Amino acid sequence: MVLTHDYLIEQINLNIITAFTIALIGVLTYRSHLISTLLCLEGIILSLFILIVLLISHSHIVSISMAPLILLVFSACEAGVGLALLVTISHTYGNDYVQNLNLLQC
Amino acid sequence: MNFTLNSMILLSIIMLVSPLLYNMLMPHKTTYFPTYCKNMIMMAFMTSLPPMIIFMLYGQESVITNWHWFSITTFNISMSFKLDFFSIIFIPIALYDAWSILEFSLWYMHSDIFIHKFFKYLVSFLLTMIILVSANNLFQLFIGWEGVGIMSFLLIGWWYGRTDANTAALQAIIYNRIGDIGFMLTMAWLMLNSNSWELQNIFSTNMDFIALLGLIIAATGKSAQFGLHPWLPSAMEGPTPVSALLHSSTMVVAGIFLLIRFHPMMENNQMILTTILCLGAMTTLFTAICAITQNDIKKIVAFSTSSQLGLMMVTVGLNQPHLAFLHICTHAFFKAMLFLCSGSIIHSLNDEQDIRKMGGLFLILPITSSALMTGSLALVGTPFLAGFYSKDSIIEAINTSYTNSWALMMTLIATSLTAIYSLRIIYYALLGNPRFSSISPINENNPNLINPIMRLAMGSIFAGFLVTMSIPPMTSITMTMPDMIKLSALLITLAGLAIGMELNSFTNKLMNSMKHTTNFSNMLGYFTYFTHRIYPLMNLYSGQRIATMLIDMNWYEKTGPKGQTNIHSSMSSLLTSTQKGLIKVYFMSFLISITLALMFASMSTNNF
């Protein structure tokens, strides 16, 4: 009996890491709107969440089962902070274009 | 013989001190004091004659060391007098001149209420001069040196109510002080390197270039060589007896005398000799050029003195100190007489010093004018008068020696200019028609005026011959030379006389009035206008800069409020200017550097 190994789990990992990389590029490169940064930030967090859940379910490491939930909690706080900043900026400037941010003033 | 010489010289010096003691102890007895001074100087002269005769007959020199003054560890200073060739001959001549001049000032300063103070100053000047001349160590010489400087200051500023006199006295002090720096340099060098200020000890060692340069600077200051010369014409602000005693025969030769004293140190150092030669040549020509267009009779004679001092310097530079000393002795006679004659003219014309306002005095003042002519002839070197023996020997020596031809040319031109300015005095003051006002108290009937002039006239006729025939020859001079060289001094002087006659008849008609060369000569080569303004201006500028810019601005403003604000605002603007809120650029740089780092990391593990 030969112990074979199928590459399914690596392919899934590659897929999710690709999603993470695309979202990262989306955070770092944007044209004019600040909200696209926040959206892609959510994408990063989502891909990280899925990676951790897959890791737990595939390799049966039960002790870090709380980690995805904690990640989700902190991402909610962070999304809230990001949205508050966005609201403040659009309160000052009326839009969320990033070229307004050269005065370093909220 | 030793006892006679020493004791008579010391007695002669003590006789100079006694008028000063008399005035110190009994200051209220002033009516007879001037005549007392004159009589004491005459006695001192008579007392100093036997030592000179003893020296001429037997060649007896001596050094008198009296009193141990002080010692600083190994450095001893004592009071000592060196009576050698130079001082034994100079002291009687100086006393003879002083006797004549003191008698003259009895007439000249007769109406001055402080005449006793004047005589006190003259006697103390004479005392310090004798100390200078007979000093055996540099400390005593320095005492005499400073003493003549101080007395010169007091006597030039005798009429101190006049601002020009005060300025001239201050100028004399400042220029002499600059010369004193050189003297102190030499003294310091000698103290360090040969541990003695006695002349005997110094003469057995070598002296470096820098020490001899100090002596040259001292001579430049005291003897009014080019560079430190303006004080001598300005010193004519003093009374005529002062000009006759100090600034023609006695004080201004102190610098040359110092160089002559140190001639054993300089005779092997060709660089020093060349320096002295060129300096003297420059002086003699420059001052002779300045003399030919002056309008004040005393200034012409002052420049004549300066030119002759340059000639003495040239002689020292030719390694002929004994000829220079001979010229000092003969020059004392006829220059003092020239000053006394000009004093007689000035007083007779009611204090008129401008030669353009004199004239026709030839028949009115017979004794003065004949003495003036004799003195001028002696000055230009007429054969067998006093000046001939020294001046002609100097011209022969410079013509036949291996020397700088530029210096030779300068000296010869200056010799011809001597004739020109002497003729200028005679032509304007004595000849022609009178140009002064018709009411003038001209007379010559006071024996106090006539006797000094006659005495000095006898001296300027015979002294050259007597001194030359009596002193022992110290150097060998060239006796054989071509005819032209031998007669060169005489020919140049005659050429100068002819040119002078031409020039005088020109300038009489004001044809030569405002040309550039006339202005250059009349205004002393513009030397004073350059130098007297620059140094005070630089000092005032730097003082103003230090006070306002350096201290006020820097300490009160730049390290205080203004400086702090400048530093802080510049720092903050520098820092904030880098942060422009370029978020996109920052994110892009982050992305690129992450990518590159990952690529390098994966490539280095070689795992593809």
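Because the structure is a prediction, the values reported are computed rather than measured. Letters A, B, ... are given to chains in the order of the sequence lines, protein chains preceding strands, and every chain is numbered from 1.
- No more than 12 heavy-atom neighbours from other residues, nucleotides or ligands sit within 6.0 angstrom of CZ on B:Phe590.
- For residues 18-31 of chain A, heavy-atom neighbours of chain B at less than 4.5 Å comprise A:Ile25, A:Val27, A:Leu28, A:Thr29, A:Tyr30, A:Arg31, sorted by residue number.
- Take B:Ser234 and apply the side-chain hydrogen bond (donor to acceptor under 3.5 Å, both in side chains) test, not counting sequence neighbours, and it matches B:Gln171.
- Within residues 56-70 of chain A, no residue has a heavy atom under 4.5 Å from a heavy atom of chain B.
- In the displayed structure, A:His91 atom NE2 is contacted under 6.0 Å by at most 12 heavy atoms of other residues, nucleotides or ligands.
- Counting non-hydrogen atoms of neighbouring residues, nucleotides and ligands closer than 6.0 angstrom, the OH atom of B:Tyr526 exceeds 12 such neighbours.
- Listed by sequence position, the residues of residues 35-54 of chain A in contact with chain B number zero, using a 4.5 angstrom heavy-atom cutoff.
- No more than 12 heavy atoms of other residues, nucleotides or ligands sit less than 6.0 Å from atom OH of B:Tyr160.
- Other residues, nucleotides and ligands place no more than 12 heavy atoms under 6.0 Å from the OH atom of A:Tyr97.
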